[in-house]
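Below, read A as the first sequence line, B as the second, and so on, with proteins coming before strands; counting in each chain starts at 1.
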Amino acid sequence: MAGNNNIPSQVDKEQIFGMAEKEMEYRVELFNKLTHTCFNKCVEKRYKESELNMGENSCIDRCVSKYWQVTNLVGQLLGSNRPPV
Amino acid sequence: MDKSMLGDLSSLPEDDKLRMAAMIDQLQIRDRSLLPLLIIFILRMYNSLVERCFNDCVDTFRRKSLDKQEETCVRRCAEKFLKHSMRVGMRFAELNQGAATPD
(Lines give C-alpha, C1' and ligand atoms only; values in the text may rest on other atoms or scores of the structure.)
Protein backbone atom coordinates (compact mmCIF):
# COMPACT_ATOMS: atom_id res chain seq x y z
CA MET A 1 0.00 0.00 0.00
CA ALA A 2 1.68 3.19 -1.16
CA GLY A 3 2.15 5.99 1.34
CA ASN A 4 1.55 3.75 4.39
CA ASN A 5 4.12 4.80 7.00
CA ASN A 6 4.13 2.50 10.04
CA ILE A 7 7.37 3.74 11.58
CA PRO A 8 6.64 6.12 14.48
CA SER A 9 8.19 9.53 13.97
CA GLN A 10 10.58 11.00 16.53
CA VAL A 11 7.73 13.15 17.89
CA ASP A 12 5.46 10.12 18.30
CA LYS A 13 8.21 8.24 20.10
CA GLU A 14 8.67 11.10 22.55
CA GLN A 15 4.95 11.16 23.20
CA ILE A 16 4.93 7.43 23.83
CA PHE A 17 7.89 7.76 26.23
CA GLY A 18 6.11 10.61 28.01
CA MET A 19 2.84 8.74 28.38
CA ALA A 20 4.57 5.58 29.55
CA GLU A 21 6.46 7.57 32.18
CA LYS A 22 3.27 9.26 33.37
CA GLU A 23 1.56 5.89 33.53
CA MET A 24 4.39 4.53 35.68
CA GLU A 25 4.28 7.52 38.00
CA TYR A 26 0.53 7.12 38.35
CA ARG A 27 0.90 3.45 39.28
CA VAL A 28 3.58 4.14 41.86
CA GLU A 29 1.44 6.88 43.40
CA LEU A 30 -1.59 4.59 43.42
CA PHE A 31 0.39 1.87 45.15
CA ASN A 32 1.71 4.29 47.78
CA LYS A 33 -1.71 5.69 48.62
CA LEU A 34 -3.21 2.21 48.66
CA THR A 35 -0.53 0.94 51.03
CA HIS A 36 -0.93 3.79 53.47
CA THR A 37 -4.72 3.82 53.39
CA CYS A 38 -5.06 0.09 54.05
CA PHE A 39 -2.47 0.18 56.80
CA ASN A 40 -4.41 2.93 58.54
CA LYS A 41 -7.66 1.03 58.19
CA CYS A 42 -6.44 -2.43 59.11
CA VAL A 43 -3.54 -2.24 61.54
CA GLU A 44 -3.82 -1.14 65.15
CA LYS A 45 -1.34 1.48 66.21
CA ARG A 46 -0.42 -0.26 69.44
CA TYR A 47 2.04 -2.60 67.71
CA LYS A 48 1.79 -5.46 70.18
CA GLU A 49 3.95 -7.59 67.89
CA SER A 50 5.86 -7.35 64.63
CA GLU A 51 3.84 -10.01 62.78
CA LEU A 52 0.55 -9.44 60.98
CA ASN A 53 -2.19 -11.58 62.49
CA MET A 54 -4.86 -13.45 60.50
CA GLY A 55 -7.46 -10.74 60.94
CA GLU A 56 -5.10 -8.07 59.68
CA ASN A 57 -4.14 -10.23 56.71
CA SER A 58 -7.75 -10.71 55.66
CA CYS A 59 -8.47 -7.04 56.19
CA ILE A 60 -5.51 -6.08 54.01
CA ASP A 61 -6.59 -8.40 51.18
CA ARG A 62 -10.13 -7.08 51.22
CA CYS A 63 -9.04 -3.49 51.58
CA VAL A 64 -6.79 -3.75 48.52
CA SER A 65 -9.59 -5.37 46.55
CA LYS A 66 -12.12 -2.69 47.47
CA TYR A 67 -9.67 0.13 46.88
CA TRP A 68 -9.07 -1.30 43.42
CA GLN A 69 -12.80 -1.42 42.73
CA VAL A 70 -13.20 2.17 43.85
CA THR A 71 -10.34 3.19 41.57
CA ASN A 72 -12.05 1.54 38.60
CA LEU A 73 -15.44 2.95 39.49
CA VAL A 74 -14.17 6.50 39.83
CA GLY A 75 -12.26 6.05 36.60
CA GLN A 76 -15.44 5.04 34.83
CA LEU A 77 -17.37 7.97 36.22
CA LEU A 78 -14.64 10.40 35.21
CA GLY A 79 -14.36 8.89 31.77
CA SER A 80 -18.03 8.84 30.87
CA ASN A 81 -17.93 12.50 29.83
CA ARG A 82 -21.42 13.23 30.88
CA PRO A 83 -22.35 15.96 33.38
CA PRO A 84 -22.43 14.58 36.97
CA VAL A 85 -25.90 13.60 38.24
CA MET B 1 19.85 -2.98 28.48
CA ASP B 2 21.97 -1.57 25.68
CA LYS B 3 22.13 -1.91 21.94
CA SER B 4 25.40 -3.85 22.13
CA MET B 5 23.28 -6.87 22.99
CA LEU B 6 22.14 -6.87 19.38
CA GLY B 7 25.69 -7.73 18.30
CA ASP B 8 25.42 -11.21 19.80
CA LEU B 9 22.17 -11.81 18.00
CA SER B 10 23.45 -11.11 14.48
CA SER B 11 23.36 -14.79 13.67
CA LEU B 12 19.57 -14.98 14.15
CA PRO B 13 17.11 -15.02 11.26
CA GLU B 14 15.74 -11.59 10.19
CA ASP B 15 12.32 -12.10 11.79
CA ASP B 16 13.75 -12.93 15.18
CA LYS B 17 16.26 -10.10 14.96
CA LEU B 18 13.42 -7.61 14.41
CA ARG B 19 11.48 -9.06 17.28
CA MET B 20 14.50 -8.89 19.61
CA ALA B 21 15.15 -5.29 18.58
CA ALA B 22 11.53 -4.39 19.34
CA MET B 23 11.75 -6.08 22.75
CA ILE B 24 14.97 -4.31 23.63
CA ASP B 25 13.38 -1.01 22.62
CA GLN B 26 10.43 -1.75 24.89
CA LEU B 27 12.76 -2.51 27.79
CA GLN B 28 14.57 0.76 27.22
CA ILE B 29 11.30 2.60 27.57
CA ARG B 30 10.77 0.73 30.84
CA ASP B 31 14.32 1.19 32.11
CA ARG B 32 14.29 4.89 31.41
CA SER B 33 11.31 5.26 33.75
CA LEU B 34 12.03 2.44 36.12
CA LEU B 35 15.27 3.27 37.93
CA PRO B 36 14.52 6.87 38.99
CA LEU B 37 11.03 5.76 39.97
CA LEU B 38 12.43 2.95 42.04
CA ILE B 39 14.78 5.33 43.82
CA ILE B 40 12.00 7.81 44.48
CA PHE B 41 9.78 4.99 45.67
CA ILE B 42 12.32 3.69 48.17
CA LEU B 43 13.18 7.14 49.50
CA ARG B 44 9.49 7.99 49.91
CA MET B 45 8.90 4.68 51.67
CA TYR B 46 11.79 5.38 54.03
CA ASN B 47 10.61 8.89 54.84
CA SER B 48 6.98 8.02 55.34
CA LEU B 49 7.87 5.00 57.45
CA VAL B 50 10.00 7.12 59.75
CA GLU B 51 7.21 9.68 60.05
CA ARG B 52 4.58 7.06 60.72
CA CYS B 53 6.52 5.16 63.37
CA PHE B 54 7.67 8.34 65.05
CA ASN B 55 4.11 9.65 65.25
CA ASP B 56 2.76 6.35 66.52
CA CYS B 57 5.49 5.53 69.02
CA VAL B 58 7.01 8.71 70.39
CA ASP B 59 4.86 10.96 72.54
CA THR B 60 7.03 12.25 75.34
CA PHE B 61 10.16 14.33 75.32
CA ARG B 62 11.39 14.07 78.88
CA ARG B 63 14.71 12.68 77.64
CA LYS B 64 16.90 12.98 74.58
CA SER B 65 17.18 9.25 73.88
CA LEU B 66 14.48 6.75 73.01
CA ASP B 67 13.58 4.47 75.89
CA LYS B 68 13.24 0.68 75.54
CA GLN B 69 9.51 0.85 75.01
CA GLU B 70 9.75 3.43 72.24
CA GLU B 71 12.54 1.50 70.54
CA THR B 72 10.57 -1.75 70.60
CA CYS B 73 7.52 0.06 69.30
CA VAL B 74 9.45 1.54 66.39
CA ARG B 75 10.97 -1.83 65.51
CA ARG B 76 7.55 -3.50 65.46
CA CYS B 77 6.01 -0.63 63.56
CA ALA B 78 8.64 -0.74 60.84
CA GLU B 79 8.58 -4.53 60.52
CA LYS B 80 4.83 -4.62 60.45
CA PHE B 81 4.56 -1.91 57.83
CA LEU B 82 7.14 -3.58 55.60
CA LYS B 83 5.33 -6.93 55.82
CA HIS B 84 2.07 -5.16 55.12
CA SER B 85 3.63 -3.41 52.16
CA MET B 86 4.82 -6.69 50.69
CA ARG B 87 1.39 -8.24 51.07
CA VAL B 88 -0.26 -5.26 49.41
CA GLY B 89 2.28 -5.54 46.62
CA MET B 90 1.31 -9.18 45.99
CA ARG B 91 -2.40 -8.41 45.90
CA PHE B 92 -1.83 -5.35 43.74
CA ALA B 93 0.13 -7.42 41.24
CA GLU B 94 -2.65 -10.04 41.16
CA LEU B 95 -5.30 -7.41 40.51
CA ASN B 96 -3.18 -5.75 37.85
CA GLN B 97 -3.03 -9.04 36.01
CA GLY B 98 -6.78 -9.49 36.34
CA ALA B 99 -6.46 -12.66 38.44
CA ALA B 100 -9.50 -13.75 40.44
CA THR B 101 -8.92 -13.30 44.18
CA PRO B 102 -10.55 -15.18 47.10
CA ASP B 103 -13.27 -13.33 49.01
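Within the model, atoms NZ of A:K45 and SG of B:C73 stand 10.5 Å from one another, a figure rounded to the nearest 0.5 Å. One finds the NE2 atom of A:H36 at 7.5 Å from the OG atom of B:S85 (value rounded to the nearest 0.5 Å). Atom OG of A:S50 is separated from atom CZ of B:R76 by 7.5 Å, given to the nearest 0.5 angstrom. Atom CD of A:E29 sits about 10.5 Å away from atom CD1 of B:I40, to the nearest 0.5 Å.
At a threshold of 4.0 Å, the pair A:E51-B:K83 counts as salt-bridged, since one of the basic side-chain nitrogens sits closer than that to a carboxylate oxygen. Between A:E56 and B:K80, at least one side-chain N (NZ, or NE/NH1/NH2) sits under 4.0 Å from a carboxylate O, which counts as a salt bridge. Electrostatic pairing of B:R87 and A:D61 counts as a salt bridge here, judged by a charged N lying under 4.0 Å from a carboxylate O.
Residues of residues 67-75 of chain A lying within less than 4.5 angstrom of chain B, judged on heavy atoms, are A:W68 in numerical order.
You'll find the side chain of B:F81 reaches within 4.5 Å of the side chain of A:T35, heavy atoms only. For the pair B:H84/A:C38, a side-chain contact is recorded, criterion being any heavy-atom separation below 4.5 Å from C-beta on.
Looking at every heavy atom in both residues, B:F92 comes nearest to A:V64 through N-CG1, 4.3 Å.
B:I39 is not connected to B:V50 by any chain of hydrophobic side-chain contacts under 4.5 Å among Ile, Leu, Val, Met, Phe, Trp and Tyr, and they are in different clusters. Residues B:L49 and B:V58 do not share a hydrophobic cluster, clusters being chains of Ile/Leu/Val/Met/Phe/Trp/Tyr side chains in contact below 4.5 Å. Using a 4.5 Å cut-off between side-chain heavy atoms of Ile, Leu, Val, Met, Phe, Trp and Tyr, with links allowed through other members, A:M24 and B:L95 fall into the same hydrophobic cluster. Using a 4.5 Å cut-off between side-chain heavy atoms of Ile, Leu, Val, Met, Phe, Trp and Tyr, with links allowed through other members, A:Y26 and B:L38 fall into the same hydrophobic cluster. No single ILVMFWY cluster, assembled from side-chain heavy atoms under 4.5 Å apart, contains both A:M54 and B:M86.
For A:N57, the parts lying near chain B are the backbone and the side chain together; criterion is any non-hydrogen pair under 4.5 Å. Both the backbone and the side chain of A:L52 come within contact range of chain B, with heavy atoms under 4.5 Å apart. The part of B:C57 that comes within reach of chain A is its side chain, from C-beta onward, which places non-hydrogen atoms under 4.5 angstrom from that chain.
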From CA spacing to verdict: side-chain contact (heavy atoms from CB on, under 4.5 Å), B:R52, A:F39:
CA-CA 11 Å; B:R52 174 183 293 280; A:F39 191 82; 3.2 Å; yes
A:R27 vs B:N96, test: side-chain contact (heavy atoms from CB on, under 4.5 Å). Steps then yes/no.
CA-CA 10 Å; A:R27 293 223 168 252; B:N96 259 312; 2.8 Å; yes
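Contacts of B:F41 classified as ring-ring contact (aromatic ring centres under 6.0 Å, His included), with partners at least two apart in sequence or in another chain: A:F31.
By the 6.0 Å contact criterion, CD on A:E49 is enclosed, its count of non-hydrogen atoms from other residues, nucleotides or ligands being greater than 12.
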